[in-house]
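Have a look at the structure below before the remarks.
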Number of protein chains: 2
Amino acid sequence: MSSPNVSVPHRRTRSDHASETAEDYVEAIAEIVEERGTCRVVDLATRFAVTHVTVSRIVARLVSLGLVETEPYQPVRLTEAGRKLAKRSKHRHDIVYKFLLALGVPAKTAAIDTEGIEHHVSPETLKRFEDFTARATAD
Amino acid sequence: MSSPNVSVPHRRTRSDHASETAEDYVEAIAEIVEERGTCRVVDLATRFAVTHVTVSRIVARLVSLGLVETEPYQPVRLTEAGRKLAKRSKHRHDIVYKFLLALGVPAKTAAIDTEGIEHHVSPETLKRFEDFTARATAD
DNA sequence: GGGTGATTGTAGCCATGGCTACGGATTAAA
DNA sequence: TTTAATCCGTAGCCATGGCTACAATCACCC
Ligand SMILES: [Mn+2]
Ligand SMILES: [Mn+2]
Ligand SMILES: [Mn+2]
Ligand SMILES: [Mn+2]
């Protein structure tokens with residue numbers, strides 16, 4: 001919002017992609033911890049359909065970003081900052097998903113499309129999504 | 001659709017990103033040719049707010065993909081395949097943009113969000129966008 | 001204690017898309 | 001015809017996110 005960057009359309013798209021991995025990973029970690037109690041590298045590899053090597057390197061970057069804590073051969077834990085980001089990401093994710101459902105998109109397709117769309121929805125657009133879903137659901 | 005790939009949400013998102021550059025570039029080339037008669041590397045660099053080096057390398061890949069033709073120091077031209085992709089991309093882009101407008105998103109924000117969202121909208125979702133816009137505009 | 005399978009780490013490769021620095025080509029003016 | 005500006009190419013750097021191959025660690029059972 002501050003930098004003139006984000007007012008050039010493609011710049012904003014690129015900047016969205018830069019934060020995308022962090023958002024998806026902390027969200028996934030929070031979900032997996034919720035389900036299984038702990039989250040291991042393998043769980044993330046399965047979730048994202050990539051190898052454990054890819055996950056390890058991304059997790060290392062999340063550590064350097066202060067979103068995640070790890071010890072060798074131990075499960076992955078979120079920091080407080082990580083939990084906050086996860087919460088915000090999940091919130092936005094849910095709004096987008098429910099919006100697509102309210103629009104009449106089949107659940108499976110909605111789940112898939114949401115995973116990409118969520119990162120490109122500005123606060124303003126998100127608000128319109130919310131409003132629409134609220135009205136459509138009011139019946 | 002064919003591969004089991006695209007049914008894993010994040011795999012589809014990644015595959016969307018793989019085609020994203022090609023789509024945006026051929027679309028931009030078509031637009032710039034429309035406006036100025038020809039499209040040079042510099043025009044694309046301005047459009048995407050990157051250096052001419054980045055553009056050159058991406059254009060080289062588009063050539064190898066059969067979407068674009070170039071000669072040294074000459075303007076960039078679309079092949080027939082490039083024009084077709086540009087047309088499809090623009091069509092989808094327009095539907096997403098008009099949909100956001102119909103939803104009540106301000107034009108500037110809609111333009112920015114569209115640039116990212118368009119690549120993650122499945123045919124099914126696109127159809128719902130179209131339907132919504134048609135009804136909202138019918139008043 | 002030893003063996004085995006699952007998990008994690010590490011080395012090293014590739015493609016993509018950013019960049020700076022610099023040099024060659026084209027074009028238009030002087 | 002020289003000069004200057006603009007445009008383009010090339011070399012070489014970086015970060016990210018994929019991968020395979022292999023080594024180390026851990027957990028658990030025998
Ligand atoms: Mn998500
Ligand atoms: Mn996502
Ligand atoms: Mn785009
Ligand atoms: Mn995207």
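Just so you know, these numbers use all the heavy atoms, side chains as well, and skip hydrogens, waters and symmetry mates.
Separating the CG atom of Asp43(B) from the P atom of dT6(D) is a distance of 14 Å, rounded to the nearest angstrom. Residue Tyr25(B) contributes atom OH, which lies 12 Å from atom C1' of dT16(C) at whole-angstrom precision. Atoms NE2 (His17(B)) and P (dG18(D)) sit 11 Å apart, rounded to a whole Å. Atom-to-atom, CD1 of Ile32(A) to P of dT7(C) comes out at 13 Å; the value is rounded to the nearest Å. Rounded to whole Å, the distance from CD on Glu23(B) to C1' on dT16(C) is 16 Å. Atom-to-atom, CG of Leu44(B) to P of dG18(C) comes out at 12 Å; the value is rounded to the nearest Å. Atom CZ of Arg11(A) and atom C1' of dC19(C) are 11 Å apart (whole Å). Ile58(A) places its CD1 atom 16 Å from the C1' atom of dT8(C), with the value rounded to the nearest Å.
With centres under 5.5 Å and a plane angle under 30°, the ring of His52(A) is stacked against the base of dT8(C).
Take the nearest nucleotide of DNA chain D for Gln74(A) and for Ala49(A): the residue whose nucleotide is more 5' is Ala49(A). In terms of position on DNA chain D, the residue among Thr51(A) and Tyr73(B) whose nearest nucleotide sits closer to the 5' end is Tyr73(B). Between Pro72(B) and Ala22(B), the one whose closest nucleotide on DNA chain C sits nearer the 5' end is Ala22(B).
For His120(A) and His17(A), the distance between ring centers is under 6.0 angstrom.
Among dC19(D), dG9(D), dG18(D), the nucleotide with an atom closest to any side-chain atom of Ser56(B) is dG9(D). Listed candidates were dC7(D), dA21(D), dT8(C). Nearest to the side chain of Arg40(A) is dT8(C). When the nucleotides dG18(C), dA21(D), dG17(D) are ranked by their closest atom to the side chain of Val53(A), dA21(D) comes out on top. Residue Arg61(A) has its side chain nearest to dT16(D) when only dT16(D), dC8(D), dA24(D) are considered. When distances run from any side-chain atom of Val41(B) to the nucleotides dG18(C), dG9(D), dT20(C), the shortest one goes to dG9(D).
A heavy-atom distance below 4.5 Å is not found between the side chains of Glu23(A) and Arg88(A).
Of the residues listed (Val76(A), Asp43(A), Leu44(A)), the one engaging Val55(A) in a side-chain contact (heavy atoms from CB on, under 4.5 Å) is Leu44(A), and it is the only one.
Between Val105(A) and Ala110(A) the shortest heavy-atom distance is CG1-N, 3.6 Å. Residues Val8(B) and Arg47(A) come closest through the heavy atom pair CG1-O, 4.3 Å.
At dG17(C), none of the side-chain N or O atoms of Arg14(A) fall inside 4.0 Å of OP1 or OP2 (strictly under the cut-off). Checking the phosphate oxygens (OP1, OP2) of dT16(D), no side-chain nitrogen or oxygen of Thr21(A) falls inside 4.0 Å.
Among the atoms of the strands shown, base atoms are found under 4.0 Å from some heavy atom of Arg57(B). Within the 4.0 angstrom heavy-atom criterion, base atoms lie near Thr54(B).
Ring geometry, Phe99(A) versus Phe129(A): the interplanar angle falls under 30°, so the pair is classed parallel (tilted spans 30 to 60°).
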